[in-house]
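Notes follow the structure.
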Amino acid sequence: MYAGTNYHPHDWPRERWKQDIDLMKEASFNLVRLGHLCWDSFEPTEGNYTFEWFDEVMDLFAKADIKVVLDIATRPAPTWLHKKYPEIDLADANGIRMEAQTRYMEDVGHPAFQEYAYKFAETLICRYRNHQALYAFGLCNEFGSGSPSYSASARDRFQSWLSAKYGTIEHLNHAWTTQRWSRKLNSFHDVVLPVSGSVRGAPERLLDMSRFYSDEVLEFMHGLSRLVKRLAPKARETTNHWSENPGYGFDYLKEYDEMIDLPGIGFYPGTNPEDRRALIAACFFMDHRIGELGRPIWCLEFQTGDFGGYGSPRNAMRMYAYLSLIHRSQTVCAWTWRSMLGGEEQYIFGLVDHDGEPGWKYGEFKQIAEEFNLLKDYGLPRDASPEIAVAYSFESLKVAAGNKSFYKTDYTEQVLQAYETLELSNLDCNIVNLRRMLLSYKLLIVPGHAIMDDDSAATIRSYVENGGTVVMTAYSAKVDAHNRVFDSPLPGALSDVFGIRIGAFARTRSHTPSENAGGLEKTELRLERERPVIVLGQERYEPPIDYYEMIETKTAETEAFFDNTLERSPAVTRNRYGKGEAIYVAIPASTAFLKPFLESLYPALGIETGPVTPPGVAARRLEDGSTLYVNTIGKDQTIALEHPKTGLLTGRQYRNSLELSAYEAELLLNKER
């Protein structure tokens, strides 16, 4: 179990280093993350390495017995590299080169950037691979952040990428449906990046462009990973990427198991714990990074403050730390140690204030570190073996974002709605890539998975055929691997597995009168249909949705139906296929409906729900039968107990109930030690 901080010694005078490290040691920190965002502090000019100052820093941490995660800081690139090779600068959507005046403004896929980045990485790795303080190398910082480059060089690389993927221009023309709007291509040299200012091109082209940029990021990360494995085989490796970034990002689940040793993340649920969506998203991202690796995750950055926000309410930061433990964290590393004096992050607040004095957050993180040291003997970090999988697709994210005329419900929001369903039942899940699911599960949830390529369809088909139960929601299986709408019955490539056909759909709108215009009150006709009511057994549900699909059953049975629509069509269908069942839900993923519906499935599937808690209290059982409870909201909560228990963190005896104050955590022991 590790607790520590991110430290930027290049920001502070040498005489301050030992003072800061002594404070870290006093707080029981056993980990520090160093080196990120400061390539030019190690190489101020080309080939001129100045590692001596950092040798001293590493030696000080070794003496303090604090382990180091050393970032290989290839982004941002130094000014001298941008000046030597201006072609590595980003170009905007008009192809105009942008000056590198803030971070993440280099073209990661450009050969010149990669040549110098790998050379620097190799030098850094060799310098510190045997240092006593080193625990792991970080594969740079926040891949997926920033923007892609729309330069001529990127266009040329895109053309080569397409040529390798499709082989012939005829195959590309077919995949891209280029007969539409007279846009046939005669050679790969005719290809342009499908953006021009605010105008974006056809969905088929946009999806391939996103894949191209993703592959470049993945290949560069692979290159760094290979360097660490070859040059420092005894070191661990990790990274706090941002693959889920809606504007850039990359397809993490495509190759993560071949590249990631310690899954890593920046854990930023916000400084307002009552923002439930931000909290759910932060937890989902942790599980996404773990995927099916079965390894604990490292919170390489852990929120202490925000832009202009000093910090969370008292004890909420500690609550976040325990919430991360529930989601299989092994490490929390505060971002940041000291509030920064200058630059774009001068009002991000750390554990130590601008004047160098520890704030109250230092004391709270000290408590976290001390308690983590205690918890290591009680089955933490958690080693979960989830029985439920939730499918996630970078490509569906891009498909939905690129055609909002149809996909009006945000893809990430659909995934979070499904994920929250499990959170409320205190159930673990793995986030999986349908193209190559690695493990077996009792239940597979597929929320809004717009793209259905052959491999994903084959996974679902085989999974159900061999006895699995899949639940898929509306907006799923609309387009093929090329982002073309299926010309076969929907859900595409899986209509027979689900035993249904979907043709029509309806949208609901709120009824809002417009402003008085010209003395006449006009009302816009926004109410197309009432919000549908779903009847499931004896219960009625009215989930907050603006879209539902009209299912025609073929071999499927109707499980629930819409009660107040003209069609009274099925809302949920179940189809027996092979040894398993395929269930389709005709609305976008909605916690309000999915929670009770999935709970109705668990008994027959042999899925035992987690500890019963009031809303806002997260809980998980540990391997030895102890239970960790975390109250994530700002009011006191009471949890009924079947047997008296002892609390490890408080030392209190609990007879009939556990009383948790706002943002409090407790580990109830299964037995005395």
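In what follows, residues are counted from 1 in the order of the sequence shown. Any value given below was found using the heavy atoms of this structure, including those in side chains, with hydrogens, waters and symmetry copies removed.
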### Message
Walk me through whether Arg568 and Asp563 qualify under side-chain contact (heavy atoms from CB on, under 4.5 Å).
### Response
CA-CA 6 Å; Arg568 291 177 62 86; Asp563 185 44; 2.8 Å; yes
### Message
Val464 vs Thr469, test: side-chain contact (heavy atoms from CB on, under 4.5 Å). Steps then yes/no.
### Response
CA-CA 6 Å; Val464 177; Thr469 297; over 6 Å; no
### Task
For side-chain contact (heavy atoms from CB on, under 4.5 Å), just list the numbers for Thr473 and Ile587, CA-CA rounded to whole Å, side-chain angles, deciding distance to a tenth of an Å, and then say yes or no.
CA-CA 6 Å; Thr473 67; Ile587 63 171; over 6 Å; no
### Message
Assess the residue pair Phe561 and Val572 against the criterion (side-chain contact (heavy atoms from CB on, under 4.5 Å)); give the C-alpha distance rounded to whole Å, side-chain angles, the decisive distance to 0.1 Å, and a yes or no.
### Response
CA-CA 7 Å; Phe561 63 92; Val572 180; over 6 Å; no
### Task
Check step by step if salt bridge (charged side-chain N to carboxylate O under 4.0 Å, His left out) holds for Arg277 and Glu420.
CA-CA 9 Å; Arg277 184 49 72 232; Glu420 184 178 20; 3.4 Å; yes
### Message
Show, in sequence, the C-alpha distance, side-chain angles and deciding distance for His222 and Glu255, and conclude whether the side-chain hydrogen bond (donor to acceptor under 3.5 Å, both in side chains) test is met.
### Response
CA-CA 9 Å; His222 266 300; Glu255 299 176 3; 2.7 Å; yes
### Message
Run Glu301 and Asn240 through side-chain hydrogen bond (donor to acceptor under 3.5 Å, both in side chains) and show every step you take.
### Response
CA-CA 8 Å; Glu301 295 181 13; Asn240 65 323; 3.0 Å; yes
#### Entry: Step-by-step side-chain hydrogen bond (donor to acceptor under 3.5 Å, both in side chains) determination, Tyr213 to Asp251
CA-CA 10 Å; Tyr213 287 125; Asp251 195 349; over 6 Å; no
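In this structure, Val432 and Tyr441 have side chains that are in contact, with non-hydrogen atoms separated by less than 4.5 Å. Contact annotation: the side chain of Tyr584 approaches that of Ile502 to within less than 4.5 Å [non-hydrogen atoms, C-beta and beyond]. Counting only heavy atoms from C-beta outward, the side chains of Val390 and Cys429 approach each other to under 4.5 Å. By the 4.5 Å heavy-atom criterion applied to side chains, Leu536 and Pro596 are not counted as neighbours. Between Phe498 and Thr573, the closest side-chain pair of non-hydrogen atoms is not below 4.5 Å. In this structure, Phe486 and Met452 have side chains that are in contact, with non-hydrogen atoms separated by less than 4.5 Å. The closest side-chain heavy-atom distance from Arg295 to Leu262 is not below 4.5 Å. For the pair Ile500/Lys554, no side-chain contact is recorded, criterion being any heavy-atom separation below 4.5 Å from C-beta on.
Taking both residues in full, the closest heavy atoms of Gln159 and His189 are given as NE2-O, 3.3 Å, listed atom of the first, atom of the second, then distance. Residues Cys299 and Phe302 approach most closely at CB-CD1, 4.3 Å, considering heavy atoms. Annotation for Pro194 and Leu206: closest pair O-CD2, 3.5 Å, computed over non-hydrogen atoms. Summarising the geometry of Leu444 relative to Tyr463, their closest heavy-atom pair is N-OH, 3.3 Å, with the distance given to 0.1 Å. Considering every non-hydrogen atom in both Leu139 and Met221, the closest pair reads CD1-O, 4.2 Å. In plain terms, the two heavy atoms of Pro570 and Ala586 that are nearest each other are O-CB, 3.9 Å.
A donor-acceptor contact under 3.5 angstrom links the side chains of Asn141 and Tyr104, judged on distance only. Side chain to side chain, Asp455 and Thr459 fail the donor-acceptor criterion of an N or O pair below 3.5 Å. Between Arg157 and Ser153, the side chains place a donor N or O and an acceptor N or O closer than 3.5 Å (distance only, hydrogens not considered). Judged by distance alone, the side chains of Asn430 and Glu292 never bring a donor and an acceptor atom under 3.5 Å apart. In the model, Gln179 has no side-chain atom that pairs as donor or acceptor with a side-chain atom of His174 under 3.5 Å. The closest side-chain donor-acceptor pair between Thr591 and Gln417 falls under 3.5 angstrom. Judged purely by distance below 3.5 Å, without hydrogens or angles, the side chains of Asp287 and Tyr419 pair a donor atom with an acceptor atom. Checked by atom type, the side-chain pair Gln414/Thr409 shows no donor-acceptor distance below 3.5 Å. Of the N and O atoms on the side chains of Tyr320 and Gln303, not one donor lies less than 3.5 Å from an acceptor on the other residue.
In this view, Arg97 and Asp89, Glu99 satisfy the side chain to side chain donor-acceptor pair (under 3.5 Å) rule, not counting sequence neighbours.
At least one donor-acceptor pair under 3.5 Å links the side chain of Asn94 to the backbone N or O of Gly197. With hydrogens and angles disregarded, no donor-acceptor distance shorter than 3.5 Å links the side chain of Arg507 to the backbone of Asp546. Formation of a donor-acceptor pair under 3.5 Å by the Thr177 side chain with backbone atoms of Asn173 is not found in this model. Put simply, the side chain of Tyr252 gets close to the backbone of Arg289: a donor and an acceptor are under 3.5 Å apart. Judged by distance alone, with hydrogens and angles left aside, the side-chain atoms of Thr239 form no donor-acceptor pair with the main-chain N or O of Glu142 at under 3.5 Å. Under a 3.5 Å cut-off, the side chain of Ser196 and the backbone N or O of Val199 do not form any donor-acceptor pair. Under the 3.5 Å distance criterion, the side-chain polar atoms of Lys398 are matched with a main-chain donor or acceptor of Pro246. A side-chain donor-acceptor contact under 3.5 Å links Thr632 to the backbone of Gly616. Distance alone, capped at 3.5 Å, places no donor-acceptor pair between the Ser495 side chain and the Gly492 backbone. His327 places no side-chain N or O within donor-acceptor distance of the main-chain N or O of Met286, the cut-off being under 3.5 Å.
Interatomic distance, OH of Tyr411 versus CD of Glu413, reported as 12.5 Å (0.5 Å rounding).
Between Phe158 and Phe212, the ring planes are tilted. Angles from 30° to 60° get that label.
A salt bridge is defined here as a Lys NZ or Arg NE, NH1 or NH2 lying under 4.0 Å from an Asp or Glu carboxylate O, and Arg461 with Glu465 fails to meet this definition. In summary, Arg574 and Glu557 do not engage in a salt bridge, as defined by a charged side-chain N under 4.0 Å from a carboxylate O. Of the charged side-chain nitrogens involved, at least one lies within less than 4.0 Å of a carboxylate oxygen, so that Asp215 and Lys254 count as a salt-bridged pair. A salt bridge is defined here as a Lys NZ or Arg NE, NH1 or NH2 lying under 4.0 Å from an Asp or Glu carboxylate O, and Arg205 with Asp208 fails to meet this definition. Classification of Arg435 and Asp453 as a salt-bridged pair fails, no side-chain N sitting under 4.0 Å from a carboxylate O.
Only one option out of Thr553, Asp496, Thr555 pairs with Asn575 in a side chain to side chain donor-acceptor pair (under 3.5 Å); it is Thr555. Across Phe143, Phe220, Phe250, a single residue satisfies ring-ring contact (aromatic ring centres under 6.0 Å, His included) together with His241, and that is Phe250.
Ring pair Phe284/Tyr392: centre-to-centre distance below 6.0 Å. Ring pair Tyr475/His449: centre-to-centre distance not below 6.0 Å.
Each salt bridge (charged side-chain N to carboxylate O under 4.0 Å, His left out) pair with one or both residues in residues 472-486, not counting sequence neighbours, appears once here: Lys478-Glu549, Asp480-Arg484.
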